[in-house]
**Student:** 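Sharing a structure with you now.
Counting from 1, the numbers follow the sequence of the chain as shown. These numbers come from a predicted model, not from an experiment.
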Amino acid sequence: MAEKVDYDILNESYKGIAEVIGVEAMLKIRDNYCGMQLQLPMRLYDANKLRKKLQTMDVQSNQVMMLSRKYGYSPRWIKEASK
């Protein structure tokens with residue numbers, strides 16, 4: 001399917017997506033979301049769901065920095081959310 005795409009005349013937004021993830025994946029996104037406006041949150045992980053997960057864990061103080069880096073939330077937030 002990618003060989004049928006005339007890359008040089010693609011719409012700039014599709015061209016940008018294709019440069020990042022490839023033409024095949026760009027076409028899948030277009031097929032599934034064509035005409036929709038997509039907004040991508042700054043954070044990959046949902047705060048409420050992460051809070052619930054942290055509350056089920058026994059988070060030790062030596063794990064806070066690792067969890068902070070992994071989930072993209074501040075160490076302070078991780079400590080408070082895990083209580």
**Student:** Holding to side-chain hydrogen bond (donor to acceptor under 3.5 Å, both in side chains), I want the full list of residues that pass it with Thr56, two or more places apart in sequence or in another chain.
**Tutor:** none
**Student:** CD1 of Ile29 to CE of Met36: how many Å apart, nearest 0.5 Å?
**Tutor:** 12.5 Å
**Student:** Among all residues two or more places apart in sequence or in another chain, which pass the side-chain hydrogen bond (donor to acceptor under 3.5 Å, both in side chains) test with Asn11?
**Tutor:**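 side-chain hydrogen bond (donor to acceptor under 3.5 Å, both in side chains) list for Asn11, sorted by chain: Ser13.
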**Student:** Working to the nearest 0.5 Å, report the span between OG of Ser82 and CG of Leu50.
**Tutor:** 9.5 Å
**Student:** To the nearest 0.5 angstrom, please state how far the CG atom of Leu44 sits from the NZ atom of Lys70.
**Tutor:**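 Here the interatomic distance stands at 11.5 Å.
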**Student:** Rounded to the nearest 0.5 Å, what separation is found between the CD1 atom of Ile21 and the CD atom of Glu24?
**Tutor:** 10.5 Å
**Student:** Give every donor-acceptor pair under 3.5 Å between a side-chain atom in residues 71-81 and any protein atom, sequence neighbours left out.
**Tutor:**
from  : atom 1 : to    : atom 2 : distance (Å)
Tyr73 : OH     : Tyr45 : O      : 2.7
Tyr73 : OH     : Ala47 : N      : 3.3
Ser74 : OG     : Trp77 : N      : 3.0
Glu80 : OE2    : Lys83 : NZ     : 3.3

**Student:** Please list all pairs meeting ring-ring contact (aromatic ring centres under 6.0 Å, His included) that have one or both residues in residues 13-35, counting only residues at least two apart or in different chains.
**Tutor:**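 Residue pairs passing ring-ring contact (aromatic ring centres under 6.0 Å, His included), neighbours aside: none found.
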**Student:** According to side-chain hydrogen bond (donor to acceptor under 3.5 Å, both in side chains), who are the partners of Gln60, at least two apart in sequence or on a separate chain?
**Tutor:** Asp58
**Student:** Side-chain heavy atoms nearer than 4.5 Å, only ILVMFWY residues, links allowed to pass through others: does that put Leu38 and Leu10 together?
**Tutor:** yes
**Student:** Starting at CG of Asp31, measure out to CE of Met26 and round the result to the nearest 0.5 Å.
**Tutor:**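 If we round to the nearest 0.5 Å, Asp31:CG and Met26:CE are 9.5 Å apart.
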**Student:** Over all heavy atoms of both residues, which pair between Asp46 and Lys49 is shortest? Give the atoms and the distance, please.
**Tutor:**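 The answer is OD1-N, 2.9 Å.
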**Student:** Of Arg51, Lys52, Met57, which is the lone residue that meets side chain to side chain contact (heavy atoms under 4.5 Å, CB included) with Leu54?
**Tutor:**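 Option passing the side chain to side chain contact (heavy atoms under 4.5 Å, CB included) with Leu54: Met57.
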**Student:** Going by side-chain hydrogen bond (donor to acceptor under 3.5 Å, both in side chains), name the residues that satisfy it together with Gln55, two or more places apart in sequence or in a different chain.
**Tutor:**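 Checked Gln55 against side-chain hydrogen bond (donor to acceptor under 3.5 Å, both in side chains); zero matches.
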**Student:** If you measure from CD1 on Ile9 to NZ on Lys15, what distance do you get to the nearest 0.5 Å?
**Tutor:** 9.5 Å
**Student:** Can you hop from Met65 to Leu67 via hydrophobic side chains spaced under 4.5 Å?
**Tutor:** no
